Amino acid sequence: QMASLFTACLPPFRACLDCVQGPSFANSQNYAQFRNEQPTGVRLDVSHMGKEVVILKEGERICGTGGAIATAPLVQSKAYFQVNVQQTGKWGVGLASRDADMNAVPTGAHFWGITESGKLVGNNEETGKYEKELEEGDSLGICYDHVELAFYHNGERLPSTITNVKGKVFPCIYVDDSAILDVKFRSFSFPAPPGFSEILIEQTLL
């Protein structure tokens with residue numbers, strides 16, 4: 001009976017470890033990720049996330065169910081950030097205003113981005129479709145110049161863009177079904193396209 005109880009508890013325990021460590025138990029993380037620190041720079045915002053979202057690695061890893069926006073809006077003329085798929089599931093990556101529902105999966109109104117199926121969506125409307133499969137280990141680059149929102153898949157620009165982004169927007173990621181995504185606001189694995197750079201906090205632009 002004790003053995004069966006342990007077996008029943010194993011799946012959620014495994015999911016928790018996956019979120020902390022990534023898909024492999026062997027990739028142990030530094031103790032610093034568990035400390036209650038407020039790292040400097042742009043990161044995912046624990047004050048603007050879904051109730052069932054887990055944010056780790058000093059604001060750079062998201063798992064659980066729901067979404068989160070970043071701590072800084074995109075105010076510069078050409079901003080870039082990157083998201084790496086650590087574990088597949090249901091997810092969306094892009095931009096959102098603070099009016100977007102971070103408890104909804106998928107995030108609908110006030111969200112503009114790409115989903116795990118390759119759909120490009122803008123404020124609840126599908127605006128395009130990327131036919132290549134998005135897989136574990138892939139990297140997505142996100143570029144925004146206040147005219148269009150463009151995406152890069154492992155360094156290759158997607159043919160479709162989103163042009164109906166409205167208002168002050170922030171980087172946004174949502175996850176479900178065991179998805180684990182890491183966001184990189186600096187130290188990119190693929191360089192930002194010409195003219196684009198990491199997100200600058202408003203004070204640094206003054």
Side-chain angles (χ1 to χ4, degrees), residues 17-33 37 39-45 49 53-64 67-74 76-96 112-120 128 130-145 148-162 169-175 178-201 204:
L17 281 177
D18 278 356
C19 191
V20 172
Q21 298 188 174
S24 169
F25 287 168
N27 297 329
S28 59
Q29 295 294 329
N30 190 294
Y31 170 71
Q33 73 179 33
E37 296 180 344
T40 58
V42 184
R43 60 193 182 277
L44 294 177
D45 192 347
M49 67 179 195
V53 167
V54 178
I55 292 177
L56 296 167
K57 292 185 66 177
E58 298 186 343
E60 293 186 344
R61 171 168 290 175
I62 181 171
C63 49
I69 63 172
T71 53
L74 302 188
Q76 72 209 71
S77 58
K78 292 186 176 183
Y80 176 83
F81 67 100
Q82 184 179 303
V83 175
N84 297 333
V85 181
Q86 297 295 330
Q87 186 163 292
T88 55
K90 182 181 289 186
W91 52 263
V93 171
L95 307 177
W112 299 264
I114 187 170
T115 72
E116 81 287 341
S117 65
K119 287 182 182 178
L120 272 64
Y130 181 52
E131 297 302 332
K132 287 186 180 178
E133 189 173 355
L134 301 170
E135 301 175 329
E136 194 170 289
D138 282 354
S139 173
L140 290 166
I142 298 91
C143 295
Y144 183 55
D145 63 2
E148 65 178 10
L149 174 62
F151 301 91
Y152 285 74
H153 178 212
N154 295 334
E156 177 185 341
R157 183 179 166 116
L158 274 61
S160 299
T161 61
I162 298 173
V169 289
F170 301 73
C172 178
I173 305 172
Y174 69 77
V175 291
S178 301
I180 302 173
L181 272 64
D182 283 0
V183 59
K184 297 176 75 68
F185 293 112
R186 63 192 68 80
S187 303
F188 308 119
S189 15
F190 290 90
F196 287 82
S197 63
E198 66 182 66
I199 297 166
L200 300 177
I201 298 175
T204 65

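In this text the structure is predicted, and so the values were computed from the model without any measurement. Only this structure's heavy atoms are used, side chains among them; waters, hydrogens and symmetry mates stay out.
Within the model, atoms CG of Leu181 and CD of Gln87 stand 10.0 Å from one another, a figure rounded to the nearest 0.5 Å. Within the model, atoms OH of Tyr130 and CG of Leu120 stand 11.0 Å from one another, a figure rounded to the nearest 0.5 Å. If you take CD1 on Ile62 and SG on Cys172, they are separated by 7.5 Å, rounding to the nearest 0.5 Å. Rounding to the nearest 0.5 Å places OG of Ser197 at 12.5 Å from CZ of Arg186. Annotation: the span from Gln82 atom CD to Ser187 atom OG amounts to 10.0 Å, rounded to 0.5 Å. We find the OH-OH distance between Tyr80 and Tyr152 to be 8.5 Å, quoted to the nearest 0.5 Å.
Summarising the geometry of Asp138 relative to His153, their closest heavy-atom pair is OD2-NE2, 2.8 Å, with the distance given to 0.1 Å. Shortest non-hydrogen contact noted between Asn154 and Phe190 is O-CE2, 3.3 Å. The shortest non-hydrogen separation linking Ile199 to Pro73 is CG2-O, 4.0 Å. When all heavy atoms are compared, the tightest approach of Thr161 to Ala150 is CG2-CB, 4.0 Å. Looking at every heavy atom in both residues, Trp112 comes nearest to Leu149 through O-CD2, 3.5 Å. Across every non-hydrogen atom of Ala72 and Pro171, the tightest pair is O-CD, 3.5 Å.
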#### Entry: side chain to side chain contact (heavy atoms under 4.5 Å, CB included) between Ile201 and Val42, intermediate numbers included
CA-CA 7 Å; Ile201 298 175; Val42 184; 4.0 Å; yes

### Task
Evaluate the side chain to side chain contact (heavy atoms under 4.5 Å, CB included) criterion for residues Leu158 and Ile114: first the C-alpha distance (whole Å), next the side-chain angles of each, then the deciding distance (0.1 Å), finally the verdict.
CA-CA 11 Å; Leu158 274 61; Ile114 187 170; 3.6 Å; yes

### Message
Show, in sequence, the C-alpha distance, side-chain angles and deciding distance for Asp45 and Phe170, and conclude whether the side chain to side chain contact (heavy atoms under 4.5 Å, CB included) test is met.
### Response
CA-CA 10 Å; Asp45 192 347; Phe170 301 73; over 6 Å; no

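Formation of a donor-acceptor pair under 3.5 Å by the Gln76 side chain with backbone atoms of Phe196 is not found in this model. At distances below 3.5 Å, at least one donor-acceptor pair connects side-chain atoms of Thr71 with backbone N or O atoms of Arg43.
Residues Arg61 and Ile180 have side chains in contact (heavy-atom distance under 4.5 Å, counting atoms from C-beta outward). Counting heavy atoms from C-beta on, the side chains of Leu134 and Trp91 come closer than 4.5 Å. Using a 4.5 Å cut-off on side-chain heavy atoms (C-beta onward), Tyr174 and Val53 make no contact.
A salt bridge does not link Lys78 to Asp145: none of the charged side-chain nitrogens sits closer than 4.0 Å to a carboxylate oxygen.
Checking Glu116 against Thr88 by side-chain atom types alone, no donor-acceptor pair falls below 3.5 Å. Donor-acceptor pairing under 3.5 Å is lacking for the side chains of Asn84 and Asp182.
Within 6.0 Å of NZ on Lys184 lie more than 12 heavy atoms contributed by other residues, nucleotides or ligands.
Ring geometry for Phe81 versus Phe185: interplanar angle of 30 to 60°, hence tilted.
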